[in-house]
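Notes follow the structure.
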There are 2 protein chains.
Amino acid sequence: MANIKDIAKMAGVSVTTVSRVINNHPYVSFEKREAVLRAIEVSKYEKNINAVHLSKGKTFLIGIAIPFSNHPFFALIVEGIANEALNNNYKLVLFQTNYEEFREIEALDMLKQKQIDALIICSRICQWDTIDAYLDYGPIIFCEDTRDKKVSSIFMDHYKSFSKALEYLHFKGHRKVGICVGRRTGFNGEQRILAYRDFLNKINEPFESEYIFSDCYDFENGEEIVQRLINMNNPPSALLVSNDQVAAGIVTCSKEKRISIPHELAIIGFDNQPIAKIMNITTIEIPLVEMGRKLFLRAINNKNISQEEISVKLVERLTV
Amino acid sequence: MANIKDIAKMAGVSVTTVSRVINNHPYVSFEKREAVLRAIEVSKYEKNINAVHLSKGKTFLIGIAIPFSNHPFFALIVEGIANEALNNNYKLVLFQTNYEEFREIEALDMLKQKQIDALIICSRICQWDTIDAYLDYGPIIFCEDTRDKKVSSIFMDHYKSFSKALEYLHFKGHRKVGICVGRRTGFNGEQRILAYRDFLNKINEPFESEYIFSDCYDFENGEEIVQRLINMNNPPSALLVSNDQVAAGIVTCSKEKRISIPHELAIIGFDNQPIAKIMNITTIEIPLVEMGRKLFLRAINNKNISQEEISVKLVERLTV
DNA sequence: CTGTTAGCGCTTTCAA
DNA sequence: TTGAAAGCGCTAACAG
């Protein structure tokens with residue numbers, strides 16, 4: 001496989017000139033440029049990008065850490081990132097963490113070793129002090145509220161949006177409200193539960209721990225939730241569900257079990273995914289693709305750290 | 001940021017010795033090793049992986065090209081690949097093609113430039129002659145039957161599995177059978193449609209072009225299909241759907257429109273995804289994660305090309 | 001406009 | 001056991 005030196009020899013010029021031609025730099029005479037181009041043509045020369053990376057100290061690779069790749073929430077963020085990456089000539093390295101800490105650390109290590117120029121962490125697992133140790137090696141961008149930290153983020157205020165949804169449920173006459181969330185831990189999970197507690201306080205309802213369903217990620221979790229609901233002697237009249245997949249699962253199973261929605265059970269989802277539209281589920285819309293776009297842009301240009309909040313929107317449909 | 005030379009100087013040894021220590025090569029005296037280790041410690045040395053790549057001509061990066069990242073079919077393959085990649089210390093570069101040819105070519109170009117060691121193409125877009133031009137640059141593995149080509153693949157026989165499902169429908173008494181597929185083009189799409197035509201011939205039924213629904217990818221497509229079904233004056237009594245998401249969409253919408261399943265309309269899906277289980281959809285199970293695993297293994301060890309067929313299994317539930 | 005040359009940071013051969 | 005030195009392929013400062 002030919003390299004830049006071979007081309008230089010073939011074209012009867014220096015490697016610099018070849019480099020200039022390859023990278024479209026000015027100041028190359030027509031003849032030499034042609035000669036180089038011809039040599040490249042006949043020798044089927046391809047530049048070795050690793051040499052470029054080494055030389056430039058930059059890879060045009062952005063890492064992106066997500067817990068699952070088969071989850072629409074993250075898939076949409078990835079889509080936003082992927083589109084913008086394409087526009088800017090960057091490629092993506094995907095780290096599927098399955099919420100395992102060591103996998104997130106692997107991603108951080110790649111940043112350290114300069115195999116990626118920046119890292120976007122969509123759902124942090126590591127403690128902040130672990131992250132801190134990597135901050136010097138390159139930009140790390142988060143999807144959570146980091147206004148109290150020295151790192152950049154594009155985030156939605158989970159406290160605010162959960163509160164908004166809860167208020168809506170209350171406005172619609174519900175007092176016994178339960179919630180379904182993913183992890184209880186992590187900043188986001190905590191914010192949601194805090195919003196829930198504050199809401200209960202405000203409307204003067206007691207906190208029922210069995211009204212909190214956690215580890216809800218997918219359609220299939222809806223089944224367990226409905227089952228548990230049936231077994232309760234004082235079930236909630238409404239459920240705020242942190243993602244549409246789960247909400248859809250609940251709605252589907254409720255129908256099977258002849259639980260009338262929204263009369264016996266009101267459901268409000270999150271994300272406004274296609275399934276929510278089809279199934280007419282009331283939900284909170286989050287501009288995920290846009291969020292991905294902004295995440296990427298921050299990743300490649302993080303001169304000064306900043307935190308930006310993304311706002312959400314209530315989409316009223318038929319499940320409340 | 002310290003480099004290997006700095007460490008050598010600090011430890012009072014040569015770069016070679018440092019390299020040996022870093023890479024756990026033998027023949028380093030205890031004292032020198034300790035000295036090097038200490039220097040690494042105090043200087044917070046991190047090896048620059050790009051230099052390693054350049055020097056070795058290998059990146060430990062595997063590219064994986066998928067049309068969408070928010071589709072369970074591909075998400076599961078990615079999961080299988082991701083798991084095995086982890087075991088083997090490889091990282092993944094994700095190319096979301098959206099079925100746009102130039103994005104697939106970008107991936108091929110990265111192979112050419114040696115930024116990835118191999119490429120897995122899960123749903124090819126380019127023509128074969130385009131691919132051919134890249135075969136010399138590194139292993140390219142496919143998810144489609146390539147037994148007539150000089151490239152490796154792990155695939156399921158779409159003709160066979162479609163035939164299997166169609167036979168089952170026929171066995172259950174259906175003669176007016178329609179199909180829902182993704183792309184009509186591409187090897188897989190063609191195989192499916194061929195199986196369909198052969199089936200019709202065999203049972204002596206005419207080919208009705210309106211019985212083929214194409215571009216069906218997601219839950220939401222179910223809605224359009226049901227709508228079209230309603231408008232037909234001679235609708236099929238059964239539908240073979242090439243993926244469970246779509247099948248679920250059809251089942252959901254049918255219920256809304258009071259179309260009784262399986263009595264008025266039988267549905268058989270593909271993939272055996274969680275949603276199929278929840279909704280009791282009869283489906284064809286494909287071991288996607290296992291397929292991902294095998295794809296990866298071939299990608300990193302493709303000395304001699306080979307094609308391996310993955311077999312599928314009918315899962316009988318309540319929609320037929 | 002063009003070429004020389006010194007890196008980029010690491011691996012590996014070869015000789016000692 | 002060890003180290004000098006020659007790459008790996010490309011970029012960019014500098015001199016002309």
Side-chain angles (χ1 to χ4, degrees), chain A residues 1-40 43-61 89 109-117 137-138, chain B residues 1-37 39-40 43-61 109-117 137-138:
Chain A
M1 225 131 275
N3 64 22
I4 199 173
K5 227 183 251 168
D6 299 330
I7 302 300
K9 204 171 294 169
M10 289 174 64
V13 301
S14 70
V15 290
T16 315
T17 301
V18 177
S19 176
R20 288 205 181 96
V21 173
I22 291 171
N23 299 295
N24 287 315
H25 283 306
Y27 306 132
V28 179
S29 69
F30 180 80
E31 292 76 22
K32 299 221 170 189
R33 164 163 280 120
E34 288 300 300
V36 169
L37 258 17
R38 212 169 308 121
I40 287 177
S43 66
K44 294 186 176 183
Y45 163 80
E46 286 302 328
K47 84 154 83 170
N48 180 327
I49 208 77
N50 292 308
V52 178
H53 292 335
L54 172 59
S55 197
K56 292 211 178 181
K58 202 161 180 283
T59 60
F60 284 94
L61 242 33
N89 245 304
D109 281 331
M110 275 186 69
L111 182 66
K112 197 176 189 173
Q113 302 190 342
K114 302 187 189 309
Q115 191 161 13
I116 54 181
D117 292 346
Y137 300 114
Chain B
M1 223 129 278
N3 65 20
I4 200 173
K5 225 182 255 169
D6 300 330
I7 302 298
K9 204 170 296 169
M10 289 174 64
V13 301
S14 72
V15 292
T16 316
T17 301
V18 177
S19 176
R20 288 207 180 94
V21 173
I22 291 170
N23 298 297
N24 288 316
H25 282 308
Y27 305 131
V28 179
S29 69
F30 180 78
E31 292 75 22
K32 300 221 171 190
R33 166 164 278 121
E34 288 300 300
V36 169
L37 258 17
I40 288 177
S43 65
K44 292 187 175 179
Y45 164 80
E46 286 301 327
K47 86 154 82 169
N48 180 327
I49 208 77
N50 292 308
V52 178
H53 293 335
L54 171 59
S55 198
K56 292 211 176 181
K58 202 162 180 280
T59 61
F60 285 94
L61 242 34
D109 280 332
M110 275 186 70
L111 182 66
K112 197 175 190 175
Q113 301 190 342
K114 301 186 189 310
Q115 189 161 13
I116 54 181
D117 292 345
Y137 300 114

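Every value quoted in this text rests on a predicted model; they were computed, and no experiment measured them. To find a chain, count down the sequence lines: A is the first, B the second, and so on, and within it residues start at 1.
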Within this structure, what is the [atom1]-to-[atom2] distance between [X] and [N], rounded to whole angstrom?
| X | N | atom1 | atom2 | value |
| --- | --- | --- | --- | --- |
| A:N3 | D:dG7 | CG | C1' | 11 Å |
| B:F60 | C:dC10 | CZ | C1' | 14 Å |
| A:R20 | C:dT4 | CZ | P | 12 Å |
| B:F30 | D:dT2 | CZ | P | 13 Å |
| A:D6 | D:dG9 | CG | C1' | 10 Å |
| A:I22 | D:dA12 | CD1 | P | 12 Å |
| B:Q113 | D:dC10 | CD | C1' | 12 Å |
| B:K5 | D:dA4 | NZ | P | 12 Å |

Worksheet item: Crowded around B:K5 NZ? As in, over 12 foreign heavy atoms under 6.0 Å?
Response: no
Worksheet entry | Criterion side chain to side chain contact (heavy atoms under 4.5 Å, CB included) on B:R33 and B:V36, from CA distance to verdict | CA-CA 5 Å; B:R33 166 164 278 121; B:V36 169; 5.8 Å; no
Over all atoms of both residues, closest heavy-atom pair of [X] and [Y]:
| X | Y | value |
| --- | --- | --- |
| A:A8 | A:S14 | CB-C, 3.7 Å |
| B:H53 | B:K58 | ND1-O, 2.8 Å |
| B:T59 | B:K114 | CG2-O, 3.3 Å |
| B:I49 | A:Q115 | CG2-CB, 3.5 Å |
| A:V15 | A:I4 | O-CD1, 3.8 Å |
| A:M10 | A:S43 | SD-CB, 4.0 Å |

Fill in: Near-strand residues of residues 43-54 of chain A, defined as heavy-atom separation under 4.0 angstrom from DNA chain D
A:Y45, A:K47, A:N48, A:A51, A:V52
Students often get this wrong, so: under 4.0 angstrom with heavy atoms, is [X] touching a base, only sugar-phosphate, or nothing?
| X | answer |
| --- | --- |
| B:T16 | base |
| A:V18 | nothing |
| A:V13 | sugar-phosphate |

Please determine whether a side-chain nitrogen or oxygen atom of [X] lies at a distance below 4.0 Å from atom OP1 or OP2 of [N].
| X | N | answer |
| --- | --- | --- |
| B:S19 | C:dC10 | no |
| A:S29 | C:dC1 | no |
| B:K32 | D:dG3 | yes |
| A:S14 | C:dG3 | yes |

Worksheet item: Among C:dT11, C:dC10, C:dG7, which nucleotide sits nearest the side chain of A:S55?
Response: C:dG7
Fill in: B:I4 side chain, from C-beta outward: closest of C:dC10, D:dT11, D:dG3
C:dC10
Discussion item. Both conditions, 6.0 Å and 45 degrees, for the charged tip of A:K47 above the ring of A:Y45: are they met here?
Written reply: no
Worksheet entry | DNA chain D: 5'-proximal contact among B:E31 and A:N23 (nearest heavy atom) | B:E31
Worksheet item: Considering the terminal five base pairs at each end of the helix from C:dC1-D:dG16 to C:dA16-D:dT1, what angle separates the two local helix axes, rounded to 10°?
Response: 40°
Discussion item. So A:V13 and A:V21, do their side chains get closer than 4.5 Å, heavy atoms only?
Written reply: no
